[in-house]
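For reference, the structure discussed in these notes is given below.
Order of the sequence lines fixes the chain letters, A, B, ..., with proteins taken first and strands second; residue numbering starts at 1 for each chain. Model, not experiment: these values are computed from the prediction.
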Amino acid sequence: MPTLAKTYNPKENEEKIYQYWEESGKFNPDNLDLAENAKPYTIILPPPNITDKLHLGHSSMLAIEDLLVRFHRMKGFRTLWLPGTDHAAIATQNVVEKKLFKEKNQTRHDLGREKFMEEAWDFMKTTQSTILNQTRRMGASLDWSRLAFTFDDQRKKAVEKMFIDMFEAGAIYRGERMVNWCPRCHSTLADDEVEHKEEKAKLYWLKYGPFVLATSRPETKLGDTAVAVHPDDKRYQAMVGKDYEIEGVLGKFIVKVVADKAVDPKFGSGAIKVTPAHSFVDNEIAIRHNLPSKKIIDENGKMMENCGKYAGMTVLKAREAIVVDMQELRLIDHIDENYQHSAAVCYRCGTIIEPLPSEQWFISVDKKLEKFDNQSLKERAIEVSKSKEIEFIPKRFTKRYEDWMENLHDWCISRQIWLGHRIPAWHKDGKIKVQAETPGPGWTQDPDTLDTWFSSGMWTFSTLGWPNTFEDNKKSGDLAQFHPTQVLNTGYEILTLWVSRMIMMSLFAVGEIPFEKVHLHGMILDQHGKKMSKSKGNGIDPIEMIEKYGTDAVRLSLLIGSTAGNDMKISERKIEGYRNFVNKIWNIARFVLNQLKTEKLDFSKKIADLDLADLTLADQWILSKMHQLNIEVKTDIENHNFSIAGEKLRKFTREDFADWYLEISKIETNSSKKIILTEILKDLLKLWHPLIPFITETIWQKVASSMLMTESLPEENKYKKYTKEIADFDLIKQIIVIVRNARAQYKLNPQDKIKVFIQADDKLEVLKDQKNLLTNLQTNTEKIEITESSDEVPNAFYSQVETIKIYIPLEGIVDLDKEAKKLKTEIERLNKLLKSLDSKLNNQRFVKNAPKEIVKKEQIKQTQIKIKIKDLETQLQTIK
RNA sequence: GGACGGCUAGCUCAGUUGGUUAGAGCGUUACAUUGACAUUGUAGAGGUCACAGGUUCGAAUCCCGUGUCGUCCACCA
């Protein structure tokens with residue numbers, strides 16, 4: 001007798017199974033038994049931050065990628081899924097700094113750069129394993145032998161080479177530009193690392209020479225060099241071009257009045273003060289009008305020495321002090337206390353950003369590059385999207401990507417933090433050399449590090465051995481085999497932050513796209529549609545769910561009911577439901593083994609060995625259903641319709657196979673059953689495997705003698721021979737449901753036997769042939785009479801399927817009024833339907849314009865409904 | 001301010017180029033319970049596809065508008 005336990009216990013099996021896979025070495029494509037011409041299928045895992053713990057966003061991504069990877073591995077592709085982690089420069093440095101401060105009350109400056117980096121490395125080494133082990137628990141079939149880290153030595157070499165190459169091509173330059181400066185992190189931020197926070201502030205209306213103008217930052221008055229108005233603003237036209245002397249808290253100064261379209265005449269008084277050094281808009285105005293720039297705020301967010309008595313104050317302190325002084329000088333007209341505006345803050349620490357002019361390294365997105373035949377990075381990156389070389393799933397994100405790219409400004413890549421790749425540039429006496437090694441004594445390395453996206457932007461090729469695998473513009477090794485990759489799967493929130501950078505970097509370094517498809521998944525929300533976050537405490541911990549319900553249940557709940565690009569709500573209840581379903585699969589296997597009285601499945605006899613003459617209608621039906629499933633599931637997965645694939649599998653497994661066919665196998669005992677049950681169970685496990693690898697492999701290990709993970713999927717036409725009998729079997733199913741329904745409606749006990757009369761019309765032979773099922777498939781009839789006659793049976797429950805009539809005499813029980821009412825309602829409904837069909841078919845334009853098949857279909861429907869109505873009316877009369 | 005998305009059964013969601021009488025899971029109701037499976041089975045109830053207009057023979061699906069919730073981008077002197 002079979003040895004399967006009564007219920008499936010994920011905890012007992014998952015760890016063992018994962019170990020078995022990992023030790024087999026088959027996660028590594030080099031160890032797969034492949035056809036010589038096997039195509040590559042590559043996914044590079046979006047590297048989680050090294051300090052991360054697994055959350056449902058990761059789980060969702062892992063479930064999707066593992067599905068794709070296992071599917072293609074089973075299809076015979078040279079399948080590589082490459083893991084890694086990201087050093088997430090600013091984020092990690094912040095964590096390390098916080099820890100340092102908490103434990104030793106020290107700042108990074110107390111420690112010094114070298115010591116601090118030692119601390120950071122210690123920290124990263126201990127945290128890295130957490131996320132990777134949690135990734136394993138999701139069942140991810142990653143090739144751990146190729147594990148990479150954005151901050152390891154190999155990636156360091158790649159980053160240096162990339163920087164030097166880009167510099168030499170003129171794609172990287174150094175220059176003074178306005179940057180977003182975080183005074184707390186002491187670093188620049190890219191535009192998209194800046195967040196905007198709504199807040200209430202004061203709006204100060206200043207008396208400003210001949211103007212009254214509004215500002216939220218009166219302290220920047222110390223850096224003003226102009227006043228700007230809109231060119232069409234009649235109020236100020238006479239003043240444009242003139243110089244005015246303005247009274248300030250540190251004495252008088254001169255401003256020039258300029259006309260610029262950037263000014264909104266409806267805001268404030270329509271005149272703005274221009275502080276070129278500390279505002280992006282003002283800076284642009286200053287450039288257009290050739291205005292001088294005066295820097296008054298330093299990198300610590302404090303007023304500089306040129307600010308007289310305010311020097312050394314923080315911006316906020318200086319603002320308070322200056323406002324007091326201005327009030328004394330009567331320079332403030334009035335103050336709006338309730339001014340709503342959004343403040344730019346650092347996305348990591350929430351500190352208010354100071355726009356500052358600063359010497360930084362930039363990637364030029366507009367520079368025409370020789371290697372791109374005089375196209376710029378931006379133009380190439382847009383081109384690969386327009387030409388569909390890269391496809392976004394869902395499609396609507398194509399536009400978001402392209403719009404964002406069109407508006408892209410030069411990318412500031414230098415950061416003043418310590419945790420990151422050092423910039424390979426050297427300074428001596430004002431000269432700069434860009435190279436990996438020091439040019440010699442006296443040179444000092446640029447203290448800045450690179451934006452973390454610079455190294456993660458190189459992820460698809462730096463993980464494949466670039467630059468060693470790319471010499472003289474030729475790919476070799478892993479790069480030749482696995483690049484470009486097939487899919488990048490990531491959250492849509494980093495489409496711009498990361499995806500766009502990967503595209504530019506790959507185009508530049510390797511001359512090709514990094515991936516063919518970008519599958520964007522939505523955010524995972526709680527059951528109320530709120531973002532999950534630690535502070536709100538509404539997060540569902542995937543590891544906790546795995547402990548409780550098993551990995552397969554967690555994976556299914558993330559795959560089914562989820563569509564690309566859309567957010568998804570999830571609850572523990574949903575996961576629980578899929579745990580139940582996973583257990584159902586277990587019991588199906590248990591039943592099949594029981595039914596076949598065996599512990600191992602015998603795969604020696606194949607579907608092709610079946611004796612067609614021995615097959616029952618039900619056999620043919622399940623085989624054709626299986627054929628359909630086999631084709632459709634593969635297509636759906638290839639089209640990234642994972643949810644639909646899952647639903648079809650579930651429907652087949654639960655309804656067609658378990659509820660119908662397995663029940664039938666208790667009744668029918670023809671000799672083909674053994675092969676059919678064996679083959680369908682086997683192929684069902686294969687088709688399910690990419691979605692729920694653990695339970696399928698667990699069962700496989702009990703019943704077979706190979707590893708399911710590297711089995712091949714059932715071939716396309718395996719079940720094709722048996723695609724005809726679906727309609728007839730559907731009739732049988734419907735009749736059985738009608739009988740069960742009647743029993744339920746009249747609350748018959750399961751022991752109560754009934755008689756059923758069926759008038760079979762032209763289906764006499766089919767129905768007679770299936771008498772066994774009709775009698776015994778949970779219908780408990782003592783007698784079934786199948787005739788051609790059309791005599792009414794009085795005082796009986798009545799129903800019909802197409803032209804087949806079913807009578808169940810229920811003497812003394814049948815409620816004739818109720819039956820009559822039921823019939824009337826049904827006749828009414830059908831009449832309505834018929835009416836709409838009639839008018840449709842009488843409509844010449846419909847008949848003329850609609851495709852012929854549609855018209856024909858409607859005509860058949862019309863005829864059938866007419867017959868049905870007539871039958872129902874006849875039956876109604878017998879009741880009266 | 002600009003762009004995008006959601007709005008379909010009590011809840012969570014599918015619905016692929018417009019063409020069945022709009023589907024699933026959960027929940028719910030009734031019945032059942034030594035059964036491969038109570039992590040169960042059988043059956044039922046439940047929807048004006050947010051609203052309003054348009055295109056079309058035909059719209060949940062395409063177009064215009066409105067409402068509402070959400071996301072991204074820009075700006076806020």
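If you check every strand for non-hydrogen atoms under 4.0 Å, A:Asn639 touches nothing. Residue A:Ala658 is in base contact, counting any heavy-atom pair closer than 4.0 Å across all strands shown. In this structure, A:Arg829 reaches the bases: a heavy-atom distance under 4.0 Å links it to at least one base atom across the strands shown. Nucleic acid contact class of A:Asn849 (heavy atoms, under 4.0 Å, all strands): base. Note on A:Lys666: a base of the nucleic acid sits closer than 4.0 angstrom, heavy atoms only. Heavy atoms of A:Val274 sit nowhere under 4.0 angstrom from any nucleic acid atom. Within the nucleic acid shown, A:Lys399 comes within 4.0 Å of sugar-phosphate atoms alone, with no base atom in reach, counting heavy atoms only. If you check every strand for non-hydrogen atoms under 4.0 Å, A:Thr215 touches sugar and phosphate atoms only. Counting any heavy atom pair closer than 4.0 Å across all strands shown, A:Ser279 reaches no nucleic acid atom. When heavy atoms are screened at a 4.0 angstrom cut-off, A:Lys273 is found touching the sugar-phosphate backbone but no base atom.
Checked by atom type, the side-chain pair A:Ser269/A:Trp205 shows no donor-acceptor distance below 3.5 Å. Side-chain contact annotation: A:Asp224 with A:Tyr208, donor-acceptor N/O pair under 3.5 Å present. Between the side chains of A:His230 and A:Asp264, no donor-acceptor pair of N or O atoms lies under 3.5 Å. Residues A:Thr215 and A:Lys221 have side chains that never bring a donor and an acceptor to within less than 3.5 angstrom of each other.
Comparing atom distances between the A:Arg579 side chain and each of B:C4, B:C57, B:U39 picks out B:U39 as nearest. Closest to the A:Ala850 side chain, of the nucleotides B:G19, B:U40, B:G25, is B:G19. Distance from the side chain of A:Asn580 is smallest for B:U39 among the nucleotides B:U39, B:C37, B:A36. Candidate nucleotides B:A14, B:U21, B:U40 were compared by shortest atom distance to the side chain of A:Arg654, and B:U40 ranks first. The side chain of A:Thr563 sits closest to B:A14 out of B:A3, B:C37, B:A14. The listed nucleotides are B:A77, B:U40, B:G15; the one nearest the side chain of A:Ile644 is B:G15. The side chain of A:Asn594 lies closest to B:A36 when the candidates are B:U39, B:U21, B:A36. Comparing B:C57, B:A77, B:A36 against the side chain of A:Phe846 picks out B:C57 as the nearest. Checked against B:A30, B:A36, B:C72, the side chain of A:Arg400 finds its nearest nucleotide in B:C72. For A:Arg845, the side-chain atoms get nearest to B:C57 when compared with the rest of B:U21, B:C4, B:C57.
Computed from coordinates, the A:Phe581 CZ to B:A24 C1' distance equals 13 Å when rounded to whole Å.
B:G2 sits 16 Å from B:C75 when the P atoms are compared, rounded to a whole Å. Of the P atoms belonging to B:U39 and B:C63, the separation is 48 Å, rounded to the nearest Å. Rounded to a whole angstrom, the distance from the P atom of B:A59 to that of B:U17 is 16 Å. B:G27 and B:G46 have their C1' atoms separated by 11 Å, given to the nearest Å. Using C1' as the reference atom, B:G18 and B:G54 are 15 Å apart when rounded to the nearest Å. Nucleotides B:A14 and B:U61 have their C1' atoms positioned 14 Å apart, rounded to a whole Å. For the C1' atom pair drawn from B:U66 and B:U20, the interatomic distance equals 33 Å after rounding to whole Å. Atom C1' of B:A22 sits at a distance of 27 Å from the matching atom of B:G41, rounded to the whole Å.
Donor-acceptor pairing under 3.5 Å, judged by distance alone, is present between the side chain of A:Glu663 and the base of B:A36. Interface remark: the A:Lys584 side chain does form a donor-acceptor pair with the B:C37 base, using a distance-only criterion of under 3.5 Å.
With RNA chain B read from its 5' end, the first of the two nearest nucleotides for A:Gly561 and A:Asp659 is the one closest to A:Gly561. Comparing A:Asn741 and A:Asn843 against RNA chain B, the residue whose closest nucleotide sits nearer the 5' end is A:Asn741.
Taking the six-membered ring for Trp and the full ring otherwise, A:Phe581 and A:Trp688 have centroids separated by under 6.0 Å. Aromatic pair A:Phe642/A:His519: centroids less than 6.0 angstrom apart.
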* Dot-bracket pairing map - RNA chain B, Watson-Crick plus G-U, both contacts under 3.5 Å, | cross-strand -> (((((((..((((.....[...)))).(((((.......))))).....((.((..]....)).)))))))))....

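The residues A:Glu391 and A:Lys388 are annotated as not salt-bridged, no charged nitrogen and carboxylate oxygen being separated by less than 4.0 angstrom.
When the shell of 6.0 Å around CD of A:Gln859 is examined, it contains more than 12 heavy atoms from other residues, nucleotides or ligands.
Applying side chain to side chain donor-acceptor pair (under 3.5 Å) to A:Glu858 and the options A:Lys856, A:Gln862, A:Lys861 leaves one that passes, A:Lys861.
Under the 6.0 Å distance and 45° angle rule, A:Arg740 counts as a cation-pi partner of A:Trp660.
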